[in-house]
Student: 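One structure is given below, represented as structure tokens, and several questions about it will come after.
Atoms considered below: every heavy atom in the structure, side chains included; atoms not considered: hydrogens, waters and symmetry mates. Everything numeric in this text was worked out from a predicted model, so none of it was measured. Start at 1 and go down the list; that is how both ligands and their atoms are numbered.
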Amino acid sequence: MTATAHSTLATASAPLHADRRVVAWVEEIAALTRPDRVVWCDGSQAELQGLMNRLVADGTAIRLDSRKRPDSYLVRSDPSDVARVESRTFICSDREEDAGPTNNWAEPREMRETLTALMDGVMRGRTMYVVPFSMGPVGSPLARLGVQVTDSPYVVASMRTMTRMGDAALKQIGPGTHWVPAVHSVGAPLSLGQKDVPWPCNETKYICHFPETREIWSFGSAYGGNAILAKKAFALRIASVIARDEGWLAEHMLLLKVTDPQGRVFHVGAAFPSACGKTNFAMLAPTLPDWKVETIGDDIAWIAPGPDGRLRAINPEAGFFGVAPGTGESTNLTAVKTLWGNTVFTNVALTDDRDVWWEGLTDEVPEHLTDWTGEDWTPASGRPAAHPNARFTVAAAQCPTISDDWEDPEGVVLDAIIFGGRRATNVPLVTEARDWEHGVFMGATISSEQTAAAEGTVGQLRRDPFAMLPFCGYHMADYWQHWLDVGAAVRKAGQRPPAVFQVNWFRKGADGKFLWPGFGDNIRVLAWILGRLSGEADGVTSPVGTLPAPGAIDLDGAGVSESQYAELMRVDARSHLTESEDAARYLETFGEKVPHEIHRELNTLRERLRGSLANGGDAA
Ligand code: GTP
Ligand code: SPV
Ligand code: MN
């Protein structure tokens with residue numbers, strides 16, 4: 001067929017109400033990628049069923065036992081395509097300095113040439129799906145729109161769960177509406193009669209963002225954030241740029257609602273790096289009596305000043321793409337209950353009775369499984385049955401603790417912001433920032449041990465500012481300035497910015513074991529945090545910030561010994577001074593753009609640490 005015939009194909013299949021610019025763009029991409037068919041997705045249940053049937057027929061998905069796990073599927077990816085690929089993720093801003101030292105920059109014109117060559121005819125033999133979506137409740141003033149085209153039915157099904165996808169979103173796009181175009185291909189054209197593989201992908205991968213034109217192009221992968229472009233590519237990398245220009249924040253944060261025993265309601269956002277416990281914290285089952293935690297989001301928050309100047313937040317997503325390993329009955333029963341059905345599992349193990357299993361789901365390990373690569377597995381195999389970055393995809397609405405305000409179009413007022421990471425040493429269980437500026441410094445310099453959620457060396461310590469290192473669409477130091485500006489705007493409106501805290505659930509003792517029980521017991525820390533807001537919880541000043549006063553954290557029944565607690569809270573001035581030297585070197589890599597407030601906070605920290613050393617050493 002000729003490109004013209006394909007254009008006709010794209011137009012003929014378009015819904016009548018589709019915006020002309022969207023249709024024209026789809027035509028253009030179809031002419032380049034030359035799919036056999038173009039399908040405009042309506043987001044219906046019947047459409048999803050059709051996609052899943054097709055994935056089963058193609059051998060991509062396995063239908064799980066319908067009594068054990070109704071309408072649920074297991075998908076095994078290609079072993080070369082199991083996580084986000086940060087080394088192949090590019091910010092193609094006009095000027096290199098706008099991408100900053102933490103991003104891979106590529107010259108936009110050159111990248112367009114590369115992508116055009118790669119995408120030329122790339123969808124031959126495949127169907128191109130047109131996937132209109134809304135990030136945020138349809139019609140919310142905080143919502144933003146996008147359209148992804150993709151040749152992966154698995155990605156379409158994922159987008160159906162993760163976003164408000166289909167006709168309702170498409171109808172939001174009118175002549176003057178802004179929408180983000182996103183092109184995705186697995187990069188595996190099929191020649192006539194060629195048999196497909198269960199998980200088509202390409203060794204070459206590109207995940208590209210054009211911040212000026214606000215568009216996304218992704219080639220070669222079908223896994224997670226590489227392919228579900230509404231998520232990290234749009235809702236963080238492109239949205240962070242839009243947010244900078246419009247005066248709001250797009251963040252790698254969970255959102256939760258807490259009700260204390262007096263019935264007071266608070267909303268909290270928390271930024272932890274990938275696979276560091278956002279889903280767990282968002283679904284926290286409190287071990288303290290009469291506390292209630294409800295879930296709003298587990299990965300991304302969009303935060304904007306409301307009419308009164310206070311910061312309000314929405315979860316732009318509609319589903320959870322959560323880490324399976326470590327999610328179990330004892331660690332996150334709420335998540336386990338959420339996954340009762342209507343769930344797509346990727347790279348977990350298959351039980352002999354056609355259900356799923358992964359490390360940590362149950363204490364008892366099954367005697368026989370089919371592992372995530374399709375091989376026989378027994379406990380003696382000496383390798384994990386599920387991939388460490390195996391994931392579940394499920395609708396947020398199915399979560400038993402989903403909050404009644406999770407789809408509030410105006411968002412929820414944010415009372416506190418928490419930063420966290422995985423730190424085996426040094427970082428106390430919880431620290432309160434003195435003010436917004438100190439909080440921004442905490443966020444800017446936070447570090448974490450790397451997890452399997454992306455390629456790289458697991459366990460290696462890296463600075464991960466605001467848990468946004470792989471997700472900030474512009475210069476990181478400009479982003480810090482933007483955070484300072486947002487706080488200043490809140491104050492200018494006569495309001496107080498949210499209080500800021502840093503937590504660390506992952507400190508280890510000399511025996512190499514976690515000192516803190518974590519999970520449901522994290523409510524004890526949250527209770528102290530909220531007590532600080534109401535002025536009811538006591539704190540003590542330390543060089544790194546305010547720590548809980550002795551006895552201010554309820555440890556009743558936590559099984560934490562006095563010496564363990566002391567170790568959890570210990571601030572070793574000497575090692576913090578060493579860390580602050582590293583922080584200084586880190587800030588240098590951002591050059592002139594580092595806001596003076598950040599330097600000021602670093603100097604204050606170092607002075608306080610030196611003062612504490614002069615007074616004998618142990619700072620806390
Ligand atoms: P992304 O979806 O990649 O952004 O990650 P996430 O932050 O949502 O990760 P998730 O909540 O799925 O956490 C993954 C891992 O953290 C699992 O292995 C959990 O067992 C572990 N984890 C979560 N909370 C705690 C905690 O309080 N203590 C300890 N020790 N581990 C935790
Ligand atoms: C993360 O890595 O932070 C995730 C998973 O939430 S992905 O969508 O693949 O980015
Ligand atoms: Mn994430």
Student: Over 60° means perpendicular and under 30° means parallel, so tell me whether Y223 and W199 are parallel, tilted or perpendicular.
Tutor: tilted
Student: How close does the nearest protein non-hydrogen atom get to atom 29 (C) of ligand 1, and which residue and atom is it?
Tutor: F506 CE2, 3.5 Å
Student: At under 4.0 Å between heavy atoms, which part of F321 makes contact with ligand 2: side chain, backbone, both or neither?
Tutor: side chain
Student: Flag the pair I300 / M253 as yes when at least one side-chain heavy-atom distance between them is below 4.5 Å, and no otherwise.
Tutor: no
Student: Between the side chains of T150 and S152, does any donor sit under 3.5 Å from an acceptor?
Tutor: no
Student: So for atom CG, which belongs to D556, do other residues, nucleotides or ligands contribute more than 12 heavy atoms lying within a distance under 6.0 Å?
Tutor: no
Student: Identify, by atom number and element, the atoms of ligand 2 in contact range of K231, meaning under 4.0 Å from any of its heavy atoms.
Tutor: 6 (O), 8 (O)
Student: Taking only heavy atoms of S274 into account, list the atoms of ligand 2 that are under 4.0 Å away from them.
Tutor: 1 (C), 2 (O), 3 (O)
Student: Is ligand 1 less than 4.0 angstrom away from at least one heavy atom of N522?
Tutor: yes
Student: Does F272, backbone or side chain, put an N or O under 3.5 Å from an N or O of ligand 1?
Tutor: no
Student: Answer yes or no for F471: is there a heavy-atom contact with ligand 2 below 4.0 Å?
Tutor: yes
Student: Going by the side chain to side chain donor-acceptor pair (under 3.5 Å) test, which pairs reach into residues 513-528, not counting sequence neighbours?
Tutor: T287-D521, W516-N522, D521-R524
Student: List the steps, then state whether side-chain contact (heavy atoms from CB on, under 4.5 Å) holds for N389 with N347.
Tutor: CA-CA 8 Å; N389 192 39; N347 289 345; over 6 Å; no
Student: Say whether R88 and S221, considering side chains only, have a donor N or O and an acceptor N or O under 3.5 Å apart.
Tutor: no
Student: Is K278 close enough to touch ligand 2? Criterion: a residue heavy atom under 4.0 Å from a ligand atom.
Tutor: no
Student: For a quick check under 3.5 Å, do H209 and N103 share a side-chain donor-acceptor pair by atom type?
Tutor: no
Student: Let's go through M468 and T102 carefully: what are the C-alpha distance in whole Å and the side-chain angles of both, what is the deciding distance for side-chain contact (heavy atoms from CB on, under 4.5 Å) to 0.1 Å, and is it a yes or a no?
Tutor: CA-CA 10 Å; M468 283 286 278; T102 56; over 6 Å; no
Student: Once rounded to the nearest 0.5 Å, what's the spacing between atom NE2 of H387 and atom CZ of R76?
Tutor: 14.5 Å
Student: When you look at F321 and S158, which way does the side-chain contact (heavy atoms from CB on, under 4.5 Å) test go after all the steps?
Tutor: CA-CA 9 Å; F321 181 63; S158 303; over 6 Å; no
Student: Any side-chain to backbone donor/acceptor pair from R214 onto V241? Under 3.5 Å, distance only.
Tutor: no
Student: Checking a contact table here: which protein heavy atom is nearest atom 5 (O) of ligand 1, and how many Å away?
Tutor: A275 N, 2.6 Å
Student: Which distance, rounded to the nearest 0.5 Å, do you find between the OG1 of T425 and the CG of L461?
Tutor: 7.5 Å
Student: Distance to 0.1 Å, residue and atom name: give those for the protein heavy atom nearest to atom 11 (O) of ligand 1.
Tutor: T279 N, 2.8 Å
Student: Could you identify the single nearest non-hydrogen protein atom to atom 12 (O) of ligand 1 and state the distance to 0.1 Å?
Tutor: V323 CB, 3.3 Å
Student: Would you check whether G322 has a nitrogen or oxygen atom less than 3.5 angstrom from a nitrogen or oxygen atom of ligand 1?
Tutor: no
Student: So for ligand 1, is T327 a polar contact partner (N or O within less than 3.5 Å, distance only)?
Tutor: no
Student: Give me the nearest non-hydrogen protein atom to atom 20 (O) of ligand 1 as residue plus atom name, then the distance to 0.1 Å.
Tutor: G326 O, 3.3 Å
Student: Examine ligand 1 and decide if any of its atoms is less than 4.0 Å from a heavy atom belonging to R422.
Tutor: yes
Student: Heavy atom to atom 18 (O) of ligand 1, shortest distance: which of A271, A453, P325 holds it?
Tutor: P325
Student: For atom 24 (N) of ligand 1, which protein heavy atom lies nearest, and how many Å away is it?
Tutor: F519 CE2, 3.4 Å
Student: Do I529 and I418 make a side-chain contact, defined as non-hydrogen atoms from C-beta onward lying under 4.5 Å apart?
Tutor: yes
Student: What's the verdict on side-chain contact (heavy atoms from CB on, under 4.5 Å) for N202 and F219, showing C-alpha distance, side-chain angles and the deciding distance?
Tutor: CA-CA 8 Å; N202 195 303; F219 175 91; 3.6 Å; yes
Student: Checking the N or O distance criterion of under 3.5 Å, is ligand 2 in contact with H252?
Tutor: yes
Student: Enumerate the atoms of ligand 1 whose separation from the nearest heavy atom of S274 is less than 4.0 angstrom.
Tutor: 1 (P), 3 (O), 4 (O), 5 (O)
Student: Distance check, rounded to the nearest 0.5 Å: L284 atom CG versus I523 atom CD1?
Tutor: 5.5 Å
Student: Please state whether G328 comes within less than 4.0 angstrom of ligand 1, counting heavy atoms only.
Tutor: no
Student: So how many protein N, O or S atoms does the Mn ion (ligand 3) have within less than 2.8 Å?
Tutor: 3
Student: Does an N or O anywhere in P517 fall below 3.5 Å from an N or O of ligand 1?
Tutor: no
Student: Taking only residues two or more places apart in sequence or in another chain, which ones pass side chain to side chain contact (heavy atoms under 4.5 Å, CB included) with E455?
Tutor: V85, E86, S87
Student: Short N/O distance, under 3.5 Å, between G277 and ligand 1?
Tutor: yes
Student: Pull out every atom of ligand 2 sitting under 4.0 Å from any heavy atom of D299, numbered as shown with elements.
Tutor: 6 (O)
Student: Compute whether any side-chain donor of one residue and acceptor of the other, for T346 and Y154, lie under 3.5 angstrom apart.
Tutor: yes
Student: Given that the side chain starts at C-beta and the backbone is N, CA, C, O, which of these parts of F272 lies under 4.0 Å from ligand 2, counting heavy atoms, or is it both or neither?
Tutor: neither
Student: In terms of relative ring orientation, are F466 and F419 parallel, tilted or perpendicular, with 30° and 60° separating the classes?
Tutor: perpendicular
Student: Could you tell me the separation between the CG atom of L526 and the CD1 atom of I553, rounded to the nearest 0.5 Å?
Tutor: 10.5 Å
Student: Check each heavy atom of L254 against ligand 1 and say whether those closer than 4.0 Å belong to the side chain, the backbone, both or neither.
Tutor: neither
Student: Pull out every atom of ligand 1 sitting under 4.0 Å from any heavy atom of F514, numbered as shown with elements.
Tutor: 30 (N)
Student: Does any N or O of ligand 1 fall below 3.5 Å from an N or O anywhere on R391, backbone included?
Tutor: yes
Student: For atom 4 (C) of ligand 2, find the nearest protein heavy atom and state the residue, atom name and distance (0.1 Å precision).
Tutor: K232 NZ, 2.9 Å
Student: Quick one: look at C276 and ligand 1, take heavy-atom pairs under 4.0 Å, and tell me if it's side chain, backbone, both or neither.
Tutor: backbone
Student: Using the side-chain hydrogen bond (donor to acceptor under 3.5 Å, both in side chains) rule, take S274 and R84 through it: C-alpha gap first, then chi angles, then the decisive distance, then the call.
Tutor: CA-CA 10 Å; S274 304; R84 279 184 299 103; 3.0 Å; yes
Student: Can you sort out which atoms of ligand 2 are near G224, meaning under 4.0 Å from one of its heavy atoms?
Tutor: 9 (O)
Student: Give the atom numbers and elements of ligand 2 that come within less than 4.0 Å of a heavy atom of R84.
Tutor: 1 (C), 2 (O), 7 (S), 9 (O), 10 (O)
Student: Among all protein heavy atoms, pick out the one at the shortest distance from atom 19 (C) of ligand 1; state its residue, atom name and that distance to 0.1 Å.
Tutor: N280 ND2, 3.8 Å
Student: For A230, which residues count as a side chain to side chain contact (heavy atoms under 4.5 Å, CB included) partner, sequence neighbours excluded?
Tutor: F133, M135, M159, T163
Student: Measure the distance from atom 6 (P) of ligand 1 to every protein heavy atom, then report the residue, atom name and distance (to 0.1 Å) of the closest one.
Tutor: K278 N, 3.4 Å
Student: Give me the nearest non-hydrogen protein atom to atom 9 (O) of ligand 2 as residue plus atom name, then the distance to 0.1 Å.
Tutor: G225 N, 2.8 Å
